[in-house]
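These values consider heavy atoms only, across backbone and side chains, with no hydrogens, waters or symmetry-generated copies. Each chain gets a letter, A, B and so on, in the order its sequence line appears, and its residues count up from 1.
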Amino acid sequence: MGESYYITTAISYPNGRPHIGHAYEAIAADVIARFQRLMGRDVRFQTGTDVHGLKMLQKAREMDTTPRALADEMSQYFKEMCDRLDVSYDRFIQTSEDEHHRASQAIWQAMEANGDLYLDRYEGWYSVRDEAYYGEDELVEDGQGGKVSPQGTPVEWTVEESWFFRLDQYQDRLLALYEEHPEFLQPDSRRNEIVSFVKSGLRPLSVSRTSFDWGVEVPGSDGHVMYVWVDALTNYLTGLGYPDMDSPLMKYWPADLHLIGKDIVRFHAVYWPAFLMSAGIPLPKQVFGHGFLLNKGEKMSKSVGNVVDPIALADAFGVDQLRYFLLREVSFGQDGSYSPEAIAQRANADLANSFGNLAQRILSFIAKNLDGALPAVHGHTPADAALFATLEVALQRDLPQAFGELALSQGLEAWMRAVFACNAYVDEQAPWALKKTDPERMQTVLATLYIAIAQLAIAISPVIPASAKALLDHMGVPDDVRSIAGMGSHWYSPLAESDFAISTPKPLFPRIELPAEDAA
RNA sequence: GGCGGAGUAGCUCAGCUGGUUAGAGCGGCGGAAUCAUAAUCCGUAGGUCGGGGGUUCAAGUCCCUCCUCCGCUACCA
């Protein structure tokens, strides 16, 4: 087993069905997880749902059910989405689990033992109807000299007892963290925002609520449940067995990467490290705030009615096509835009035409002309060596480097360069012409391409796992070759000399024909 | 208001610490090929690098200013 690698997604708040944004994050995390496995790392990948809080409680009331039943039901949709999209999580956590309550209470007690929690009053403008506090600056005039909430509901000055966390005590240590470890928070633009936020001054953070009870109880403080972020963030530890520091899974801590959306960067880059410092737990190595997915350039929202169901997209375009599109088309870290046209175009151009067709033309040529027997190598020429060199640079250097830096779309560009090189090589070598003039050379060319196609499939497997596996299985590529380190090993000749024969292939990625209007 | 990003070929974007004729992919156009999913390959497209000013032998690449868009500016997750 290689060095451990722990990656997490944010846990989703399931007060609605999963949308494409959830799918995007899960897929991106899965690609990174699969890539690290391909690099030989011992990977632990966690995702899940954050089911506590007021909104779930309200939703449950609306639906005349219990919050727990609602949480179980809604979480199932998220789990199904992950399964449908080939998201290879090792642990799907739901914050209503007993283990999670224990972990949250343990970290609470650790913070309390460190003297960072104290009981005080939380005061503010409270709207009974909204069940929420508003800041002075958020209030709007009601036209009659009074103030109302942004929703137009009446507010009253309310005082509630609350536990507070001494966040202000961590300002300097947090700034030192960002300074000394710029990689802790990425992309850079996010770090800048957080640095300026922290520099502007931190106040103690209210970390408990008494107005509802759907959450983790504060130990020894009846009537208080934890403020959602204490509980939610702790999920990353729960999944490893915390507070049992001797749990075999604790070897995965500290996490290598918390992959989250840009909207919750502050909680992960300010509150979370402060909580951990307080509790005496090592900090995660990196928090990465990805961008949002826009529907044809517009923000998705229920009111506009442009929220897209990821399952429907997967059904329409294929799971691997969707995965590939999201990673290739969106510059990781920035917002991205998608549309049925864009997905179809990208999937057709890169997967169907360039890569799929490459595999199809070569494998069917072998099946047809050599009865499926893998061709022998009769000495490589400089042209073959040049192709192998191009592949090595693209697949064993550039792509891993880019993926390692979370420059996912750039990694895929490197992969495409290798695909292009293979197609150019096919046309230059023209095995169909060699068939008549130089059958031995034709065999070498086909063998070279066979190896190349396998390498391409291995390198891209984190992104299009099902298709890559199907292709590699069809080609008889041994399992131990299927890694970045293994793809360059000497596996071809033994396979060619065995009695393996390749059957007539079917196109890997059928071309997507878009219905006249739209497909999603 | 404050802080921080962004504005580069029709589209999506690369362009690090300033330096030969500003790049890629897609689309478009022309050609080649015919093994393959009408897929592939080759060539091409001449964009005031948001406007203006400045520094420099030399600026998308640094400085100033203006315009446009976006993000952050704590307790809804």
Side-chain angles (χ1 to χ4, degrees), chain A residues 10-16 50-56 58 122 124 130-135 137 150 162 164-165 167 187-209 227-230 232 261-267 270-271 289 291-292 297 328-331 334-337 341-342 345-346 348-369 407 409-410 412-413 416-417 419-420 422-435 442 445-446 449 505-513:
Chain A
I11 46 177
S12 304
Y13 201 69
N15 60 343
D50 165 24
V51 302
H52 291 140
L54 195 54
K55 285 191 177 170
M56 284 294 282
Q58 288 172 332
Y122 186 81
D130 298 346
E131 297 196 62
Y133 281 94
Y134 294 101
D137 53 345
S162 172
F164 281 82
F165 172 74
L167 187 63
D188 289 337
S189 57
R190 296 296 151 206
R191 190 177 64 252
N192 290 339
E193 289 173 3
I194 292 298
V195 167
S196 75
F197 168 73
V198 174
K199 275 185 178 161
S200 74
L202 297 176
R203 302 198 299 264
L205 182 70
S206 163
V207 288
S208 76
R209 295 288 183 273
Y227 167 55
V228 64
W229 282 105
V230 175
K262 64 181 184 181
D263 54 331
I264 54 174
V265 166
R266 191 201 311 138
F267 307 104
V270 181
Y271 301 172
F292 288 156
R328 176 65 188 81
E329 199 83 356
V330 180
S331 183
Q334 296 186 289
D335 287 353
S337 193
E341 297 76 20
Q345 188 186 327
R346 179 59 76 180
N348 283 342
D350 291 6
L351 296 180
N353 297 351
S354 295
F355 178 60
N357 183 240
L358 168 69
Q360 185 66 13
R361 67 199 299 206
I362 299 310
L363 301 185
S364 71
F365 195 98
I366 292 171
K368 200 174 295 178
N369 294 288
S409 59
Q410 288 173 45
L412 293 183
E413 282 180 35
M416 279 306 296
R417 283 200 296 278
V419 174
F420 289 145
C422 288
N423 273 320
Y425 173 89
V426 176
D427 281 37
E428 281 162 22
Q429 301 300 321
W432 51 90
L434 291 169
K435 185 168 73 172
M442 176 196 76
V445 166
L446 293 173
L449 285 162
K506 289 194 183 65
L508 254 190
F509 305 99
R511 285 182 60 82
I512 297 167
E513 302 296 343

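Here the separation of rA24(B) from rA9(B), taken at their P atoms, is 14 Å to the nearest Å. Comparing the P positions of rA36(B) and rG31(B) gives an interatomic distance of 24 Å, to the nearest angstrom. If you take atom C1' in rG7(B) and the same atom in rG60(B), they sit 11 Å apart, rounded to whole Å. Nucleotides rC13(B) and rC29(B) have their C1' atoms positioned 22 Å apart, rounded to a whole Å. Nucleotides rA22(B) and rA58(B) have their C1' atoms positioned 15 Å apart, rounded to a whole Å. For the C1' atoms, the distance linking rA14(B) with rG23(B) amounts to 7 Å, nearest Å.
One can place CG of Leu449(A) at 13 Å from C1' of rU40(B), the figure rounded to the nearest angstrom. Across the protein-nucleic acid pair, Met416(A) atom CE and rC13(B) atom C1' stand 16 Å apart, rounded to whole Å.
Base contact: Tyr271(A) has a heavy atom under 4.0 Å from a base atom. Contact annotation for Arg203(A): base contact, defined as any heavy-atom pair under 4.0 Å involving a base atom. At a threshold of 4.0 angstrom between heavy atoms, the contacts of Leu167(A) include nucleobase atoms, whether or not backbone atoms are also involved. At the heavy-atom level, Leu202(A) lies under 4.0 Å from base atoms of the strands shown. Nucleic acid contact for Asp350(A): none, since no nucleic acid atom lies under 4.0 Å from a heavy atom of the residue. At the heavy-atom level, Gly201(A) lies under 4.0 Å from base atoms of the strands shown.
Using the Watson-Crick or G-U wobble rule with both distances under 3.5 Å, rU40(B) pairs with rA32(B). Judged by Watson-Crick or G-U wobble contacts below 3.5 Å, the nucleotide rC69(B) has rG5(B) as its partner. The pairing partner recorded for rC13(B) is rG23(B), the criterion being a Watson-Crick or G-U wobble arrangement whose two distances lie under 3.5 angstrom.
Distances from the side chain of Ala424(A) to the nucleotides rC75(B), rC41(B), rG25(B) place rC41(B) closest. Here the side chain of Phe197(A) is nearest to one of rA77(B), rA74(B), rU40(B), namely rA74(B).
Distance check: Trp432(A) CH2 to Asn369(A) CG gives 12.0 Å after rounding to the nearest 0.5 Å. Interatomic distance, Asp350(A) CG to Phe420(A) CZ, rounded to the nearest 0.5 Å: 6.5 Å. The CZ atom of Arg190(A) sits 12.0 Å away from atom CZ of Arg266(A), with the distance rounded to the nearest 0.5 Å.
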ring-ring contact (aromatic ring centres under 6.0 Å, His included) assessment of Phe267(A) paired with Trp229(A): CA-CA 7 Å; Phe267(A) 307 104; Trp229(A) 282 105; 4.2 Å; yes
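Glycosidic conformation of rG60(B) is syn; the angle stays within 90° of 0.
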Protein-to-nucleotide contact annotation, 5' to 3' order, nucleotides 32-38 of chain B [B base; S sugar-phosphate only; - none; under 4.0 Å, heavy atom]: -SSBBB-
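Ser196(A) contributes a side-chain N or O that, together with a main-chain N or O of Glu193(A), makes up a donor-acceptor pair within less than 3.5 Å.
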Identify each atom pair where a protein N or O and an N or O of nucleotides 3-12 of chain B are less than 3.5 Å apart, giving names and distance.
none

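Remark on RNA chain B: of its neighbouring residues Tyr425(A) and Gln410(A), the 5'-side contact belongs to Gln410(A), judged by nearest-heavy-atom nucleotide.
Taking the six-membered ring where tryptophan is involved, the planes of Phe355(A) and Phe509(A) are tilted, since the angle between them lies from 30° to 60°.
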